[in-house]
Amino acid sequence: MIYKTESFDKWANEGYEQIYISIGGKINEETVAFDKRMVRSNALFQMIPNFIRVSKKKVLVIIVDDFHRSENYSANVREVEKIIASSQYIDVIFLDNRFTLSTIKSIIISIIEFAIKLQIQPQNYMCCNYVRFSHPNEKELIMEQLPKILHEIHTETPFSEGFYQWHGYQFYLYNTVYCYKRFHFTFIHHYHSIFDMIRLTMKDMQLSFS
């Protein structure tokens, strides 16, 4: 089922075993341009990744994004409904947020408290940040602080390794996320050598959404 709410208490007795949070993963465009290449947007997989679709655990998916435009909200709901229609395990909550650092911080803290109350095991909690910009303006640059803030929020919780960051608009890494705590600083330090290796290895491979 799909819900739009800002309160989690009413779901405390639903027996959820798994929580997945998508921040900024909604559908905006059907395709994404990489120089002269066009690929299908992976937004639906940002909101409902494949491992959630095939899970046999009862899972609560929480999609945090700016849904103030009713037509955009309705379009995203329709697409998500198609995905979860055949599953008896997935419930989805849409959380409308205008994307400020303080409001997102407050939401994630509330979700973590809810997950602790539900006694969600650390391996069954995942929070993914998909807020990235291919050509950020001054206002959008402020949101580049979000991964660090989300990492700090999770650090002193049972879910310290549950925060994942999307690589963003890089062709060979477009469909991947990484555990921020374990890989961020290593990745940044070795960025160029890692990217060259991936580029050379995958240059002739078709991107897969399965």
Side-chain angles (χ1 to χ4, degrees), residues 1-30 32 40-100 103-132 146 150 153-154 157-159 162-166 174-177 209-210:
M1 297 185 68
I2 293 181
Y3 308 96
K4 189 176 182 182
T5 182
E6 294 186 0
S7 173
F8 304 108
D9 290 341
K10 62 191 292 186
W11 318 117
N13 298 315
E14 294 297 321
Y16 295 115
E17 303 170 82
Q18 192 171 10
I19 287 180
Y20 171 77
I21 309 155
S22 168
I23 304 174
K26 74 176 182 182
I27 305 167
N28 285 308
E29 304 290 343
E30 292 186 2
V32 177
R40 184 159 50 95
S41 168
N42 63 6
L44 283 173
F45 287 88
Q46 292 183 7
M47 291 191 289
I48 315 283
N50 220 42
F51 77 91
I52 292 293
R53 302 182 190 200
V54 300
S55 176
K56 299 303 180 184
K57 297 186 173 92
K58 189 166 185 183
V59 55
L60 180 64
V61 174
I62 303 172
I63 300 172
V64 183
D65 216 315
D66 185 345
F67 292 109
H68 74 278
R69 289 175 52 235
S70 59
E71 65 273 19
N72 181 262
Y73 169 69
S74 298
N76 277 268
V77 168
R78 284 195 300 270
E79 294 302 319
V80 169
E81 282 179 334
K82 293 176 186 176
I83 295 171
I84 69 172
S86 59
S87 174
Q88 59 181 311
Y89 300 103
I90 304 174
D91 285 340
V92 178
I93 290 177
F94 281 84
L95 280 181
D96 186 10
N97 182 273
R98 292 299 182 98
F99 275 99
T100 68
T103 55
I104 292 180
K105 180 178 179 179
S106 175
I107 286 172
I108 299 305
I109 289 173
S110 296
I111 295 173
I112 289 173
E113 291 173 348
F114 178 66
I116 292 172
K117 183 176 182 179
L118 265 58
Q119 299 183 329
I120 299 294
Q121 295 301 303
Q123 67 271 20
N124 291 328
Y125 172 97
M126 189 174 186
C127 174
C128 284
N129 177 45
Y130 298 102
V131 180
R132 298 297 301 271
L146 186 56
L150 293 173
I153 291 171
H154 285 87
T157 76
F159 315 115
F163 168 54
Y164 284 71
Q165 175 65 35
W166 180 43
Y174 179 60
N175 295 314
T176 62
V177 297
F209 294 92
S210 61

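Numbers here are sequence positions counted from 1.
Panel note: side chain Asp66, backbone Arg98; no donor-acceptor pair is recorded below 3.5 Å. With hydrogens and angles disregarded, a donor-acceptor distance shorter than 3.5 Å links the side chain of Tyr174 to the backbone of Asn42.
In this structure, Lys57 places its NZ atom where only 12 or fewer heavy-atom neighbours from other residues, nucleotides or ligands lie under 6.0 Å away. Around the CD atom of Gln119, the shell of radius 6.0 Å holds no more than 12 heavy atoms that belong to other residues, nucleotides or ligands. Within 6.0 Å of CD in Glu71 there are more than 12 heavy atoms belonging to other residues, nucleotides or ligands.
Atom CD1 in Ile109 sits 5.0 Å away from atom CD1 in Ile153 (nearest 0.5 Å). Taking OG from Ser87 and CZ from Arg53, the interatomic distance works out to 11.0 Å, rounded to the nearest 0.5 Å. Here Ile112 contributes atom CD1 and Thr157 contributes atom OG1; the two are 5.0 Å apart, rounded to the nearest 0.5 Å. In this structure, CD on Gln46 lies 9.0 Å from CG on Asn175, to the nearest 0.5 angstrom.
Summarising the geometry of Tyr89 relative to Ser55, their closest heavy-atom pair is CD1-O, 3.6 Å, with the distance given to 0.1 Å. Across all non-hydrogen atoms, the minimal contact from Asp65 to Gly25 is OD2-N, 3.2 Å. Here the shortest heavy-atom pairing between Gln165 and Asn129 reads OE1-ND2, 2.9 Å. For Met47 against Ile27, the heavy-atom pair with the smallest separation is CE-CG1, 3.9 Å. The two residues Ile19 and Ala115 have their closest heavy-atom pair at CD1-CB, 3.8 Å.
Judged by the 6.0 Å and 45° rule, Lys26 forms a cation-pi pair with Phe67. Taking the ring centre of Tyr73 as origin, the terminal cationic atom of Arg78 falls outside the region bounded by 6.0 Å and 45° from the ring axis.
A donor-acceptor pair shorter than 3.5 Å can be found between the side chains of Tyr16 and Asp91. A donor and an acceptor atom, one from each side chain of Ser106 and Thr103, are nowhere located under 3.5 Å apart. Neither side chain, Glu17 nor Asn124, offers a donor N or O lying under 3.5 Å from an acceptor on the other.
Using a 4.0 Å cut-off between a side-chain N of Lys or Arg and a carboxylate O of Asp or Glu, Glu30 and Arg40 do not qualify as a salt bridge.
For His154 and Tyr164, the gap between ring centers reaches or exceeds 6.0 Å.
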Exercise. Please walk me through it: do Trp11 and Phe114 pass ring-ring contact (aromatic ring centres under 6.0 Å, His included)?
Worked result: CA-CA 9 Å; Trp11 318 117; Phe114 178 66; 8.6 Å; no
